[in-house]
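Everything on this sheet refers to the single structure shown next.
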Amino acid sequence: MAATDRPVRVRIAPSPTGDPHVGTAYVALFNHAFARQQGGKFILRIEDTDQSRARADSEQMIFDALRWVGLDWDEGPDVGGPFGPYRQSERRAIYAEHVAILLQRGAAYRCFCTAERLTEVRAAQQAAKASVLGYDRHCRGLDAADSDRRAAAGEAHVIRLAAPLKGRVVVHDRLRGEVPFEVTQIDDQVLLKSDGMPTYHLANVVDDHLMEISHVIRAEEWISSTPKHVLLYQGFGWDPPEFIHLPLLRNADKSKISKRKNPVSINYYRDAGILPQALLNFLALMGWSFGGDREKFTLAEMIEAFGWDKVSLGGPVFNLDKLVWLNEKYLHELSHEEVVDALLAWRLSRAHLVEVVRLVRERIKRLDEFVPATEYFFSGDLDYAAVIAEMVVPDVEPVRVGRALLELVERLEAREGWDHAMLEEEARAWCQELGWKTKHAFMLLRLAVTGRKASPPLFDTMAVLGKEVSRRRLRAAAELVAART
RNA sequence: GGCCCCAUAGUCUAGCGGUUAGGACGUCGGCCUCUCACGCCGAAAACAAGGGUUCAAGUCCCUUUGGGGUCACCA
C-alpha cells in the first residue's frame with residue numbers, strides 16, 4: 001500500500017532534554033491540524049534515548065505545555081495506545097531485534113573503533129580540509145566471523161549503517177518535491193550506541209514503521225538526515241512514510257530560533273501573560289496562511305481550512321510584536337469574568353499569592369502596601385532606567401559584568417529545577433569563580449531580577465518569580481549593562 | 001569547506017504569466033477624546049541581481065548573490 005493511501009497517523013517526537021520548546025508546539029500544531037482534518041491519529045512519542053541529556057522533569061513539562069496551548073494527542077506515554085510503549089527508552093528490545101535484521105541483511109555492521117580514534121579521524125579530516133567529513137569505514141571490511149567473535153567476547157562496539165558506496169538517494173518531500181542526495185555524502189551513521197541504546201536515526205525509523213506513521217511532519221533541520229532514514233527503510237524492505245519538512249522558526253537575525261536570542265520556552269509565553277489561543281494562532285501564521293486576508297482564527301477553523309499548499313517555505317522570524325498584537329485581540333474579546341479567570345490562572349492564583357505573601361508580609365505594615373511592594377512579581381520586563389547606574393561591580397568593566405551575568409544564566413539553564421538551594425549553590429559558585437564579593441554580585445542580581453535595591457531574600461525571590469521571568473530579566477540586564485560605556 | 005533548503009517592504013504573508021503588487025505587525029501623521037488605551041482614517045515602505053523562455057514575467061528555467069540548515073555513540 002502506498003504511503004499516501006494509508007490511514008493518517010502522524011507524530012511528534014520531542015526529546016525530554018529541557019524546557020518545552022516553542023518549536024515543539026509549532027510542529028505539533030501542524031501535525032495536529034493535519035491529523036484532525038484527515039480524521040487520523042496524532043501521536044506523542046518521547047525520544048529519550050540519550051540518558052545523559054534526559055531531564056526528569058522535562059517529559060511532564062512537555063505534556064503540560066502542549067495541553068496548555070490546547071493540543072491533545074490520541075496515543076502517547078501518558079494516555080497509552082495500541083502501539084506502545086511510547087517512550088523509546090522502553091523499547092530497547094525492539095531496536096536490538098531490528099538491528100539484528102539489518103546485520104543479517106548486510107545493511108549494517110559492527111564498528112569497534114574507540115572514541116579516541118574517531119576524534120583523531122575527524123581532526124585529521126578537518127586539518128586536511130576534506131570536503132566530506134565522516135566515519136572512514138575502518139570497520140566496514142571486517143571479516144564477519146571475526147566481528148562475531150569480538151562481539152561475543154564482549155568487546156565494546158556500535159552498529160553502523162552500511163551506506164551504499166555509489167548512486168543517489170532521492171527524498172520525496174511533500175513541500176519541495178524530489179530532493180536528491182549523492183550517496184557519497186552519506187556517512188555510515190551509528191545506529192546503535194555502545195550502551196545498547198539506538199540513535200535517533202534508527203529509533204525514529206523503526207518506531208515510525210511499527211507505529212504505522214503515514215506522514216513524518218518535522219522541522220527542516222532534519223532534511224539532510226532523511227536520506228539516511230530512506231536507506232534504513234530500504235534496508236528493512238519497508239515503504240517509507242511521506243516526508244514533510246516545515247520551515248524553521250527564526251531569530252531576528254534569521255538563524256534558527258535559539259534561547260540566547262529569543263524566549264524559546266512555552267512556559268515563558270505562559271508566564272509573560274500570553275493566552276494559549278493567541279500563541280497557537282501566531283504559530284499557525286508562521287509559515288501557513290489561512291486564505292484571504294484572514295489572520296485571526298481558532299484551531300478548529302485552522303483544521304477545517306488546513307492545506308499543505310498554503311505553507312510557505314521561507315523561514316519565518318518569530319516576531320514578539322505581532323504575537324502581542326494578536327494576544328491583545330484575544331484578550332479584548334473575553335468577557336470581564338473571563339479576564340478575571342485568566343488572571344487568576346496566571347499570577348493571581350491563590351498559590352502564587354501565598355508565595356509572594358510569604359516573602360513580603362514582614363516587610364509591609366499595612367495591606368495597602370502590598371501592591372506597590374510586590375509589583376515586580378506581577379510584571380514582565382522591567383524598566384531599569386532608575387537603577388542602571390547601580391548595576392556595577394567595583395573595578396570591573398561593564399562589558400565584563402554583562403558577560404558574567406550571561407554566564408550565570410547559562411549555568412542556571414544547565415541545571416535541573418529552579419529552587420532556592422540550586423540557585424544559591426550556583427550563584428555562590430559563580431561569584432566565587434569571578435572573585436567577586438557576594439555583596440556586590442548579589443546586589444547586581446537583585447537589581448536585575450527585581451529592578452530594586454531592596455527586596456525579599458534574593459534566591460527566594462527568584463524561585464517565586466520562576467525560571468522564565470528570572471532568566472529573561474537577567475539577560476535583559478546583562479545586555480543593558482554590557483552596552484554601558 | 002562539502003551537501004541540501006530557501007528568497008515579495010524592517011517583520012509575517014497574498015500572488016500560482018497580463019494586478020495601480022493586496023493584507024497584517026511595526027513605524028510616522030491625523031481623527032475621536034477629560035488623560036491613556038481601544039477604534040477609525042491616511043502615509044512611507046517590497047518583487048536580491050543578471051541572463052534566458054514568452055506577445056507578456058514577482059510568477060517558468062539557468063547562473064550569481066544573499067540567508068539558513070546539516071555534516072556526533074544529541075535529537
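Note that the structure is predicted; figures quoted are calculated from it, not measured. So that the names make sense, note that chain A is the first sequence line, chain B the second, and so on, each numbered from 1.
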Nearest to the side chain of [X] - [options]?
{"X": "A:Val132", "options": "B:G22, B:G2, B:C3", "result": "B:G2"}
{"X": "A:Ile223", "options": "B:G68, B:C4, B:U70", "result": "B:C4"}
{"X": "A:Leu133", "options": "B:C73, B:G1, B:A24", "result": "B:G1"}
{"X": "A:Val179", "options": "B:C5, B:G69, B:A75", "result": "B:C5"}
{"X": "A:Asp293", "options": "B:G23, B:U70, B:A24", "result": "B:G23"}
{"X": "A:Phe181", "options": "B:C4, B:C73, B:C38", "result": "B:C4"}
{"X": "A:Thr199", "options": "B:A75, B:G26, B:C12", "result": "B:A75"}
{"X": "A:Ser15", "options": "B:A75, B:U13, B:G69", "result": "B:A75"}
{"X": "A:Trp222", "options": "B:C25, B:G68, B:A75", "result": "B:A75"}
{"X": "A:Lys193", "options": "B:A14, B:A75, B:C25", "result": "B:A75"}

What's the gap between [N] and [M] when it is taken at their [atom1] atoms, as a whole Å value?
{"N": "B:U13", "M": "B:C71", "atom1": "C1'", "answer": "33 Å"}
{"N": "B:G18", "M": "B:C60", "atom1": "P", "answer": "11 Å"}
{"N": "B:C55", "M": "B:G22", "atom1": "C1'", "answer": "27 Å"}
{"N": "B:C41", "M": "B:U63", "atom1": "P", "answer": "47 Å"}
{"N": "B:U70", "M": "B:U27", "atom1": "C1'", "answer": "37 Å"}
{"N": "B:U11", "M": "B:U54", "atom1": "P", "answer": "35 Å"}
{"N": "B:U64", "M": "B:G15", "atom1": "P", "answer": "29 Å"}
{"N": "B:U35", "M": "B:G68", "atom1": "P", "answer": "48 Å"}

Select from A:Ser255 and A:Pro316 the residue whose nearest nucleotide in RNA chain B is closer to the 5' end of that strand. A:Pro316
Want to settle it: does A:Cys113 or A:Lys310 sit nearer the 5' end of RNA chain B, counting the closest nucleotide to each? A:Lys310
Quickly work out the [X] [atom1] to [N] [atom2] distance and round it to whole Å.
{"X": "A:Asp136", "N": "B:C71", "atom1": "CG", "atom2": "P", "result": "18 Å"}
{"X": "A:Leu175", "N": "B:C5", "atom1": "CG", "atom2": "C1'", "result": "11 Å"}
{"X": "A:Asn327", "N": "B:G26", "atom1": "CG", "atom2": "P", "result": "13 Å"}
{"X": "A:Arg53", "N": "B:C73", "atom1": "CZ", "atom2": "P", "result": "14 Å"}
{"X": "A:Met302", "N": "B:C12", "atom1": "CE", "atom2": "P", "result": "17 Å"}
{"X": "A:Ile257", "N": "B:U11", "atom1": "CD1", "atom2": "P", "result": "16 Å"}
{"X": "A:Asp195", "N": "B:C74", "atom1": "CG", "atom2": "P", "result": "8 Å"}
{"X": "A:Asp207", "N": "B:A75", "atom1": "CG", "atom2": "P", "result": "13 Å"}

With both distances under 3.5 Å as the test, what is the Watson-Crick or G-U wobble partner of [N]?
{"N": "B:A57", "answer": "none"}
{"N": "B:G1", "answer": "B:C71"}
{"N": "B:A37", "answer": "none"}
{"N": "B:G66", "answer": "B:C6"}
{"N": "B:A24", "answer": "B:U11"}

Side chain of [X], base of [N]: donor and acceptor closer than 3.5 Å?
{"X": "A:Arg176", "N": "B:C5", "answer": "no"}
{"X": "A:Ser194", "N": "B:C73", "answer": "yes"}
{"X": "A:Glu295", "N": "B:G23", "answer": "yes"}

Could you tell me whether the side chain of A:Asn327 and the main chain of A:Gly273 form a donor-acceptor pair under 3.5 Å? yes
Has A:Thr226 got a side-chain atom pairing as donor or acceptor with A:Val171's backbone, closer than 3.5 angstrom? no
Do the charged groups of [X] and [Y] touch, with an N to O distance under 4.0 Å?
{"X": "A:Glu75", "Y": "A:Arg9", "value": "yes"}
{"X": "A:Arg452", "Y": "A:Glu375", "value": "yes"}
{"X": "A:Arg87", "Y": "A:Glu90", "value": "yes"}
{"X": "A:Arg176", "Y": "A:Glu220", "value": "yes"}

Checking all strands, does [X] fall into the base, sugar-phosphate, or nothing category for heavy-atom contacts under 4.0 angstrom?
{"X": "A:Met197", "result": "nothing"}
{"X": "A:Glu328", "result": "sugar-phosphate"}
{"X": "A:Gly292", "result": "nothing"}
{"X": "A:Lys228", "result": "nothing"}
{"X": "A:Val317", "result": "sugar-phosphate"}
{"X": "A:Arg294", "result": "nothing"}
{"X": "A:Arg160", "result": "sugar-phosphate"}
{"X": "A:Thr49", "result": "sugar-phosphate"}
{"X": "A:Gly134", "result": "nothing"}
{"X": "A:Pro14", "result": "nothing"}

Please determine if a side-chain N or O atom of [X] lies less than 4.0 Å away from the OP1 or OP2 oxygen of [N].
{"X": "A:Arg250", "N": "B:G67", "value": "no"}
{"X": "A:Lys322", "N": "B:G23", "value": "no"}
{"X": "A:Ser289", "N": "B:A14", "value": "yes"}

For the residue pair A:Arg473 and A:Val469, establish whether any side-chain heavy-atom pair is separated by less than 4.5 Å. yes
Hey, can you tell me if A:His229 and A:His201 have their rings parallel, tilted or perpendicular (30° and 60° cut-offs)? tilted
Could you report the tightest heavy-atom contact between A:Leu202 and A:Val99, atom names first, then the distance? CD1-CG2, 3.6 Å
Provide the full list of ring pair (Phe, Tyr, Trp, His ring centres under 6.0 Å) pairs with a residue in residues 316-345 of chain A, sequence neighbours left out, each pair given once. A:Tyr269-A:Phe318, A:Phe282-A:Phe318
